[in-house]
Amino acid sequence: MLDIKLLRENRKLVEDALAKRGMNISLKVFYEKDAMRLELLRKVEDLKHTRNIISKDIGVKKSKSEDAGVLLQEVKSIGTEIDEIHNSLDVLENELNDFVLTVPNIPHSSVVYGRTSEDNPVVKTWGEKKEFPFTPYSHDELAACLDIIDFEKGAKIATSGFSVSKGPGALLERALINFFLDVHTREQGYTEVYIPFIVNSASMTGTGQLPKFKEDLFKIEGEDLYLIPTSEVPITNIHAKEILERSVLPKYYTAYSPCFRKEAGSYGKDTKGLIRQHQFNKVEIVKLVEPESSYNELEALLSDAEELLKRLKLHYRVVNLCSGDLGFSAAKTYDIEVWLPGQNEYREISSCSNFEDFQARRAGIKYRPAKGEKPVYVHTLNGSGLAVGRTVVAILENYQQEDQSVVIPDALRPYMNGVTVLKPVEK
RNA sequence: GGAGAGGUGGCCGAGCGGCUGAAGGCAACCGCCUGCUAAGCGGUUUUCGUCGAAAGGCGAACGUGAGUUCGAAUCUCACCCUCUCCGCCA
């Protein structure tokens with residue numbers, strides 16, 4: 001959510017930002033309603049002021065057993081007027097609030113203009129594409145051959161878009177989760193948290209999933225509860241509606257969670273394999289920081305995520321999402337895209353964003369810069385570190401051999417209970 | 001799920017429907033005094049909105065929402081949450 005005062009006072013800035021995102025939002029109605037709201041607010045507060053004074057008089061008179069009849073008459077009509085204005089004010093405020101909640105964040109100045117993911121500039125590359133003396137298989141072919149992931153079983157138990165991992169496949173998921181968490185907690189200073197996988201609508205609104213992206217969420221029937229699409233939601237909301245001491249910042253959190261996404265609107269895309277599932281595992285890293293440091297913290301967060309791919313020796317590149325590709329709540333986002341030889345393309349494996357105070361304002365997360373000073377909103381950041389399912393894809397496709405066996409990366413061996421190679425199963 | 005108790009400021013804890021934004025205590029901060037880690041005395045310290053250059057004024061907030069009333073932390077209703085007991089259960 002943007003600062004309503006920013007909207008009020010920097011109309012040009014906001015409109016330019018929205019245009020840069022390719023959004024056609026007119027602020028005209030907002031300004032009209034906002035002005036109307038302020039007018040009514042002043043009026044109703046004046047009336048309340050006089051009512052308070054008269055009411056006090058009535059109290060005094062009554063306590064002296066004097067007649068307060070005249071005052072009662074006077075204040076009664078003020079009361080009706082207050083009620084009337086209040087009603088129109090309520091309507092206006094709801095409308096304004098609903099609108100402001102649907103306005104996306106303003107892109108940072110380092111975000112380039114662009115319309116789609118095609119326009120995202122590559123900011124760095126690590127490693128290089130692996131060459132194979134044969135045509136590399138896709139991960140779903142490998143998974144079938146290794147008998148470690150079963151998509152039919154997932155569809156039978158739930159529906160399409162779910163899968164069953166088994167044996168070394170399930171172990172690989174678990175190994176990656178532990179490996180990621182260990183690096184974050186032991187080497188990068190993050191505190192591990194274990195959080196609810198189901199959250200209420202206030203939390204979803206706090207991080208920006210609601211009200212705009214309802215159709216992407218799984219909702220619990222009859223309850224004000226949703227399955228989380230990312231642990232960013234529960235982690236960031238840990239400190240919702242709090243005023244933190246400056247001394248506790250920055251806060252670094254990491255958590256493992258499954259993520260549940262309807263993926264509505266992506267029908268037909270990535271229907272095969274693990275790339276786009278309704279449920280996938282992810283380790284997330286989240287930061288709450290002071291505004292001045294948030295862009296340095298973003299670079300650090302990005303490199304924390306990159307570190308995992310370096311250890312796994314997986315070639316990747318980093319792109320800076322252009323204005324048209326930037327997510328709703330983000331001011332700036334780096335996507336890490338891992339090379340997938342079986343797909344012959346780079347795919348997002350981590351998304352690292354600075355939300356500035358956009359989420360903090362929605363969720364009500366503040367800190368006090370110094371004793372006696374006014375509380376200000378923190379900046380929130382998060383990134384995947386990493387998406388587990390897509391890391392499995394990357395490992396299968398990059399570490400495959402001609403006989404369709406897959407070598408386990410060295411960094412993962414300590415977590416694999418002695419398994420060093422995944423071997424095709426005779427059928 | 002059933003029965004009971006309760007939800008007040010950073011924390012603890014008062015609060016007959018009117019002068020209570022909220023006693024008292026603790027904590028923190030500032031000052032004074034004293035000068036052996038301490039104590040004493042005085043003062044300050046919620047948040048949001050709005051007007052203002054500022055000082056400050058005004059409005060609002062005692063789980064949430066509605067209601068009664070000229071006026072509600074205090075009365076009524078609904079909902080949420082916490083705790084205890086029972087049930088169920090990993």
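All chains are named by letter (A, B, ...) in the order of the sequence lines, taking the proteins before the strands, and each is independently numbered beginning at 1. Hydrogens, waters and symmetry mates are skipped; everything else that's a heavy atom, side chains included, is used.
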Between [atom2] on [N] and [atom1] on [X], what's the gap in Å once rounded to a whole number?
X: A:Asp90; N: B:G65; atom1: CG; atom2: P; value: 11 Å
X: A:Ile243; N: B:G10; atom1: CD1; atom2: P; value: 8 Å
X: A:Arg246; N: B:C29; atom1: CZ; atom2: P; value: 17 Å
X: A:Leu92; N: B:G49; atom1: CG; atom2: P; value: 18 Å
X: A:Ile58; N: B:C70; atom1: CD1; atom2: C1'; value: 4 Å
X: A:Lys241; N: B:U64; atom1: NZ; atom2: C1'; value: 10 Å

Categorize [X] for me: base, sugar-phosphate, or nothing, with a 4.0 angstrom heavy-atom threshold over every strand shown.
X: A:Arg361; answer: nothing
X: A:Lys5; answer: sugar-phosphate
X: A:Lys366; answer: sugar-phosphate
X: A:Leu41; answer: sugar-phosphate
X: A:Leu38; answer: sugar-phosphate

Please confirm whether the ring centroid of A:Phe328 lies under 6.0 Å from the ring centroid of A:Phe213.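 For A:Phe328 and A:Phe213, the ring centres are under 6.0 Å apart.
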Span that lies between the [atom1] atom of [M] and that of [N], in whole angstrom:
N: B:A53; M: B:C80; atom1: C1'; result: 45 Å
N: B:C86; M: B:C75; atom1: C1'; result: 33 Å
N: B:U46; M: B:U8; atom1: C1'; result: 13 Å
N: B:C62; M: B:G67; atom1: P; result: 15 Å
N: B:A60; M: B:A73; atom1: P; result: 10 Å
N: B:G17; M: B:A28; atom1: C1'; result: 35 Å
N: B:G7; M: B:G63; atom1: P; result: 8 Å
N: B:U47; M: B:G43; atom1: C1'; result: 23 Å

With a 4.0 Å limit, can you tell me whether [X] has a side-chain N or O closer than that to the phosphate oxygens OP1/OP2 of [N]?
X: A:Arg368; N: B:U46; answer: no
X: A:Lys374; N: B:C48; answer: yes
X: A:Lys56; N: B:G18; answer: no

Charged N to carboxylate O below 4.0 Å: is that the case for [X] and [Y]?
X: A:Asp150; Y: A:Lys166; result: no
X: A:Arg276; Y: A:Glu263; result: yes
X: A:Glu297; Y: A:Lys287; result: yes
X: A:Glu192; Y: A:Arg186; result: no
X: A:Arg42; Y: A:Asp46; result: no
X: A:Glu242; Y: A:Lys366; result: no

Which label fits A:Tyr256 and A:Phe197: parallel for a plane angle under 30°, tilted from 30 to 60°, or perpendicular past 60°?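 A:Tyr256 vs A:Phe197 ring planes: perpendicular.
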B:A78: pairing nucleotide in any strand, Watson-Crick or G-U under 3.5 angstrom: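 When the pairing criteria are applied, B:U64 turns out to be the nucleotide that pairs with B:A78.
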Taking a pair as Watson-Crick or G-U wobble with both distances under 3.5 Å, which nucleotide is matched to B:U69?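 Check on B:U69: unpaired, no WC or wobble geometry under 3.5 Å.
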Could you please name the option among B:C19, B:U50, B:U46 that lies closest to any side-chain atom of A:Arg37?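 Nucleotide nearest to A:Arg37's side chain: B:U50.
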Name the closest nucleotide to the A:Arg42 side chain, picking from B:G18, B:C51, B:U47.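 Of the options given, the side chain of A:Arg42 lies nearest B:C51.
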Closest heavy-atom contact between A:Leu217 and A:Lys262?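 Shortest heavy-atom contact: O-CE, 3.3 Å.
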If you restrict it to nitrogen or oxygen atoms, what contacts under 3.5 Å exist between nucleotides 57-62 of chain B and the protein, and what is each distance?
{"residue": "B:C58", "atom": "O3'", "partner": "A:His49", "partner atom": "ND1", "Å": "2.7"}
{"residue": "B:G59", "atom": "OP1", "partner": "A:His49", "partner atom": "ND1", "Å": "3.0"}
{"residue": "B:G59", "atom": "OP1", "partner": "A:Asn52", "partner atom": "ND2", "Å": "3.0"}
{"residue": "B:A60", "atom": "OP2", "partner": "A:Asn52", "partner atom": "ND2", "Å": "3.3"}

If you pin A:Glu373 and A:Ser55 to their nearest nucleotides in RNA chain B, which one's is more 5'?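 Counting from the 5' end, the first nearest nucleotide belongs to A:Ser55.
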